[in-house]
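The analysis underlying the following values was restricted to heavy atoms, covering all of them including side chains, and did not include hydrogens, waters or symmetry mates. We're numbering straight along the sequence, starting at 1.
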Amino acid sequence: MNRDDPALETRHWIGILAERFPSGIVIVDAAGVVQLANATAHHHLRSTTPEALQVAVREVVDALEDGVRLELPARGDRHGLVVERISGEGDGALLVLNDVHELDAADQDLLLANRMRGLEELYRAMAHDLKSPLQAIVLNIDLLRERTRAEPLEDDLQEDVEKYLDVIHGEISRLGRSIQSLLSQAGAATRRERRIDVRRIQREVATLMEPLARRKSIRLRTSAPRESVLVMGNRDRLKQALLNLAVNAIEAMGRHGSLEFDVSVQNGEVRLEVRDDGPGIPEELEGRVFETHFTTKSAGTGIGLGVARSIGRGHGGDLELLRREPRGTTARLRLPLAG
């Protein structure tokens, strides 16, 4: 570049700017001769030589005539293009070329972003409205606990009441923490890293599932090592993932069957498995089970498995579904073992 020639230096910097621009850029003079074109323009017009580019640009300029916007249909291996013409002070012009598909994708991204902002406001409003009734429920649970302790029930019944009240209180507290995350704009996926014994999560989820399993005549079993099995992560989120898998398994089985929770350590990773002996996943649907809102249940939302996998991956692990023989499914949540 000749730094003594201001025109050449300006052209140099314009060329650098054009190459960094995501759209195709072509500058033509008054005679329609190409003065500058970036690599994206060459790609859109499928031109590999300056001569081929000049021919393609001439066709575009002729088609534009006095217009400022032109849509070119797909041709051969070229996608449809949208060409906009910006006229300069002289008779030259700047042509901006964009792939129709890319423009559509950008419009969809903008629409999705607007919807997400709307949902965020909706979630925050709902979270705010739920705080008061949750606080009232917790207060009444505490009053009920005080009443049963002041006037004890029969031993077995008193023990069951205490256990169920503990479960209800714990789940409402967990819901309250999720709501607080929404109100603080941290989002439900915010993680507070702690060392967690996943055996405790297993026991709590099994206790939560016990009444539903009993009502549906489903046998519930748990197995875990005697020593602690530690991972790093957010306890509430991991519990939600395992709970989603358990609920999904019970709903898949209908009435009767067996539900197994297993915790193990293999090859330096923790495995939380939920095994059912339901009908299993049809082979033709295996590729869709993690899709958001995909469900085969009439009253299902289709987000449980996707959320569980997202939580697993957010903790450095993953979720996989395995066939069991002769029937049933194993949902295996794999997590890194805490060092």
Side-chain angles (χ1 to χ4, degrees), residues 105 108-109 111-124 126-127 130 171 174-175 177-179 181-182 185-193 196 198 201-202 204-206 208-209 212 231-254 259-263 269-276 278-324 328-336:
Q108 290 298 320
D109 289 344
L111 179 61
L112 179 60
N114 288 331
R115 288 178 176 174
M116 292 300 293
R117 282 195 292 270
L119 284 174
E120 180 183 353
E121 292 300 319
L122 175 62
Y123 290 156
R124 296 190 67 221
M126 290 176 61
L130 284 171
E171 288 305 292
R174 184 167 67 89
L175 181 57
R177 289 192 293 273
S178 296
I179 289 174
S181 292
L182 287 174
Q185 296 184 339
T190 299
R191 290 170 48 198
R192 296 175 59 189
E193 293 283 354
I196 304 160
V198 295
I201 294 177
Q202 180 206 54
E204 291 177 356
V205 172
L208 279 171
M209 291 292 100
L212 180 58
V231 300
M232 296 296 296
N234 182 295
R235 182 175 175 277
D236 288 344
R237 298 293 286 161
L238 290 176
K239 184 175 180 180
Q240 184 64 56
L242 195 60
L243 185 61
N244 286 2
L245 299 180
V247 169
N248 199 68
I250 286 184
E251 290 179 346
M253 282 189 286
L259 180 65
E260 302 175 16
F261 294 92
D262 180 72
V263 173
E269 69 175 14
V270 176
R271 295 184 177 183
L272 285 79
E273 295 187 348
V274 179
R275 308 188 191 109
D276 66 67
I281 303 170
E283 187 173 354
E284 65 273 14
L285 299 181
E286 284 185 345
R288 302 192 60 193
V289 292
F290 290 114
E291 291 180 11
T292 304
H293 302 309
F294 175 76
T295 180
T296 59
K297 295 172 286 189
S298 59
T301 61
I303 63 175
L305 287 176
V307 168
R309 184 172 69 167
S310 176
I311 292 172
R313 290 180 172 179
H315 284 76
D318 208 347
L319 171 65
E320 54 188 350
L321 300 182
L322 308 172
R323 287 177 176 272
R324 299 184 67 196
T329 303
T330 295
R332 177 182 294 165
L333 185 63
R334 298 185 290 106
L335 300 168

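A distance-only check finds no donor-acceptor pair linking the side chain of H315 to the backbone of P336 [under 3.5 Å]. Between the side chain of Q202 and the backbone N or O of F261 there is at least one donor-acceptor pair closer than 3.5 Å. Checking side-chain atoms of R309 against main-chain N and O of D318 turns up no donor-acceptor pair under 3.5 Å.
With no hydrogens or angles considered, no side-chain donor-acceptor pair links D236 and Q240 at under 3.5 Å.
Look at R271 and E320 and you find no salt bridge, because none of the NZ, NE, NH1 or NH2 atoms lies under 4.0 Å from a carboxylate O.
The side-chain hydrogen bond (donor to acceptor under 3.5 Å, both in side chains) search around D262 returns S223, R275, not counting sequence neighbours.
Across all their heavy atoms, L245 and A308 have their closest contact at CD2-CB, 4.0 Å. When every heavy atom of L321 is checked against every heavy atom of A331, the shortest pair comes out as CD2-CB, 3.6 Å. For A241 against L333, the heavy-atom pair with the smallest separation is CB-CD2, 4.2 Å.
Atoms CG and OG, from L305 and S310 in turn, are 12.5 Å apart once rounded to the nearest 0.5 Å. Between atom CG of residue D276 and atom CD of residue E251 there is a gap of 11.5 Å, rounded to the nearest 0.5 Å. The CZ atom of R313 sits 13.0 Å away from atom CD1 of I311, with the distance rounded to the nearest 0.5 Å. Within the model, atoms OG1 of T329 and CG of L322 stand 9.0 Å from one another, a figure rounded to the nearest 0.5 Å. We find the CG-CD1 distance between L272 and I201 to be 7.0 Å, quoted to the nearest 0.5 Å. With values rounded to the nearest 0.5 angstrom, L243 atom CG is found 12.5 Å from L238 atom CG.
For the side chain to side chain contact (heavy atoms under 4.5 Å, CB included) criterion with M209, the lone passing option out of L242, I250, V274 is I250.
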Chi angles and distances behind the salt bridge (charged side-chain N to carboxylate O under 4.0 Å, His left out) call for E204, R235 | CA-CA 11 Å; E204 291 177 356; R235 182 175 175 277; 2.3 Å; yes
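Side chains of L259 and M253 form a contact here, defined as non-hydrogen atoms less than 4.5 Å apart.
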